[in-house]
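No hydrogens, no waters, no symmetry mates; every other heavy atom, side chains included, goes into these values. Below, chain A is the first sequence line, B the second, and so on; all start at residue 1.
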Amino acid sequence: MPELAEVAYYTTRWAAGVGQEVLRMHTGPKARPFRQTAAGAFRALVGTIYSGARTHGKNMLFEFAPQLWLTGHLGMTGELLAGPPEHEPTAHDHLVLYTRESALIFRDFRMFGVLRLEEWAGGPPPDWLALPPQIQDAGFTTARVAEALQRHARSPLKALLLDQHWFPGIGNWMADEVCYQLRLNPAVPAGTVEAAALRRVLRAVCRKSMETIGRDWSDPPRSWLMPHRWKAGGVCPAKSCGTALMRETLRGRTACWCPLCQPVA
DNA sequence: CATCATGTTATAAT
DNA sequence: CATTATAACATGAT
């Protein structure tokens with residue numbers, strides 16, 4: 001499920017444990033969520049203080065003082081929850097951190113998500129700091145967008161938008177949304193796209209998503225493609241359009257677009 | 001039973 | 001080497 005704003009929202013659910021000591025923890029029996037850091041290593045979190053979270057695209061960083069950092073992402077079906085201190089882990093709760101007042105839960109039935117633990121003093125670990133500029137950041141310049149478009153000139157626009165190195169946090173529905181708002185077919189070659197316009201739409205979509213979904217899971221505007229793209233019989237929300245939306249597999253993912261507003265060129 | 005799912009990554013092909 | 005395309009991963013819903 002999670003893209004930029006969904007990931008941001010999920011991390012806020014762990015705010016229930018901020019400032020509290022980890023009294024005990026639970027790791028589930030499945031190895032896959034722990035393919036990068038062995039499950040046993042997470043015992044080191046017991047006795048630390050959970051001091052807060054931040055996100056970068058779909059990546060999450062949680063600080064446990066002193067100098068332990070829990071990182072990872074939610075894959076396709078991951079989510080974070082806060083439960084009562086007596087929470088009984090379900091089959092899909094791969095990590096549960098218990099504080100005096102709450103249980104911080106990492107749940108992911110499909111297990112494409114991953115959890116890592118890093119020890120680093122004096123701030124976030126180097127691999128976190130080395131992540132590329134986020135779309136919301138000042139460093140996300142038109143020149144950078146232009147470089148991405150040029151280097152992947154023959155790639156379909158939507159496929160490039162899913163590249164986390166260039167467009168951190170963009171996932172399937174956001175990529176479709178950006179194409180829709182640009183009135184460009186998802187399959188147009190990236191090399192034909194105007195960088196400044198793409199940057200403007202990307203930033204607008206990210207900002208509004210964070211203000212709605214990211215803040216309280218409220219709905220993005222009805223004028224967006226997003227609320228219509230999966231509905232059976234979904235139609236283009238543009239005024240005086242109403243055309244049936246198209247769906248087709250592009251580079252292994254389902255793309256959705258309006259054939260009238262986003263013609264194939 | 002077959003198909004599909006809001007993601008990432010290794011590997012193959014150009 | 002750089003870029004583009006595909007398959008695999010694991011599980012549940014339809």
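In this structure, a donor-acceptor pair under 3.5 Å is absent between the side chains of A:Gln20 and A:Arg100. Side chain to side chain, A:Lys158 and A:Asn185 fail the donor-acceptor criterion of an N or O pair below 3.5 Å. When only modelled atom types and interatomic distance are considered, A:Arg116 and A:Thr71 share a side-chain donor-acceptor pair under 3.5 Å.
Residue A:Arg151 has its side chain nearest to C:dT3 when only C:dT11, B:dT6, C:dT3 are considered. Checking C:dG12, C:dT6, C:dC9 against the side-chain heavy atoms of A:His92 singles out C:dG12 as nearest. Between C:dT4, B:dG7, C:dG12, one nucleotide has an atom nearer to the side chain of A:Lys58 than all others, and that is B:dG7. Distances from the side chain of A:Arg32 to the nucleotides C:dC9, C:dT4, C:dA5 place C:dC9 closest. If you check B:dT8, B:dG7, C:dT4 against the side chain of A:Gln164, the one that comes closest is B:dT8. Among B:dG7, C:dT4, C:dG12, the nucleotide with an atom closest to any side-chain atom of A:Phe112 is B:dG7.
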Side-chain atoms of residues 189-203 of chain A: list all donor-acceptor pairs with protein atoms under 3.5 Å, sequence neighbours left out, distances to 0.1 Å.
from	atom 1	to	atom 2	distance (Å)
A:Thr192	OG1	A:Pro189	O	2.7
A:Glu194	OE1	A:Ala197	N	3.3
A:Glu194	OE2	A:Ala196	N	3.3
A:Arg199	NE	A:Phe140	O	2.8
A:Arg203	NH1	A:Ile135	O	3.3
A:Arg203	NH1	A:Asp137	O	3.0

(request) Apply the test salt bridge (charged side-chain N to carboxylate O under 4.0 Å, His left out) to residues A:Arg229 and A:Glu177: give CA-CA distance (whole Å), side-chain angles for both, the deciding distance (0.1 Å), then the verdict. (result) CA-CA 9 Å; A:Arg229 66 187 297 275; A:Glu177 189 65 46; over 6 Å; no
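At whole-Å resolution of the value, CG in A:Leu157 and C1' in C:dT4 are 15 Å apart. Protein atom CG of A:Leu162 is 15 Å distant from nucleotide atom P of C:dT6, rounded to whole Å. Per the geometry, CG belonging to A:Asp163 stands 13 Å off P belonging to C:dA5, to the nearest Å. Atoms CE (A:Met174) and C1' (B:dG7) sit 15 Å apart, rounded to a whole Å. The CG-P distance, from A:Leu160 to C:dA5, rounds to 11 Å in whole Å. Taking atom CZ on A:Arg35 and atom C1' on C:dA8, their separation rounds to 12 Å, with Å as the unit. Taking atom CE of residue A:Met226 and atom C1' of nucleotide B:dT6, one finds them 8 Å apart after rounding to whole Å. Taking atom NE2 on A:His73 and atom C1' on B:dT6, their separation rounds to 14 Å, with Å as the unit.
In terms of heavy atoms, A:Ala175 sits closest to A:Ile170 at N-CG2, 3.7 Å.
For the pair A:Pro85/A:Leu23, no side-chain contact is recorded, criterion being any heavy-atom separation below 4.5 Å from C-beta on.
Comparing the P positions of C:dT6 and B:dC4 gives a spacing of 16 Å, expressed to the nearest Å. Between the P atoms of B:dT3 and C:dA7, the separation comes to 14 Å (whole Å).
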(request) Dot-bracket for DNA chain C, please, read 5' to 3', with Watson-Crick or G-U wobble pairs under 3.5 Å on both distances, ( ) within the strand, [ ] crossing, | other strand, . unpaired. (result) .||||||||.||||
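Between A:Glu6 and A:Gln36, the residue anchored closer to the 5' end of DNA chain B is A:Glu6, taking for each the nucleotide with the nearest heavy atom.
Heavy atoms from other residues, nucleotides or ligands lying under 6.0 Å from CD of A:Glu88 number 12 at most.
Taking the six-membered ring where the residue is Trp, A:Phe62 and A:Tyr50 present tilted rings, their angle falling between 30° and 60°. A perpendicular orientation is assigned to the rings of A:His56 and A:Trp128, their planes being inclined by more than 60° (bins at 30° and 60°).
Nucleic acid contact for A:Pro156: sugar-phosphate only, since backbone atoms but no base atoms lie under 4.0 Å from a heavy atom of the residue. When heavy atoms are screened at a 4.0 angstrom cut-off, A:Ala153 is found touching the sugar-phosphate backbone but no base atom.
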Which atom pairs link the protein and nucleotides 3-5 of chain B when you take only N or O atoms and keep those under 3.5 Å?
from	atom 1	to	atom 2	distance (Å)
B:dA5	OP1	A:Thr254	OG1	2.1
B:dA5	OP2	A:Thr254	OG1	2.9
B:dA5	N3	A:Arg110	NH1	3.2

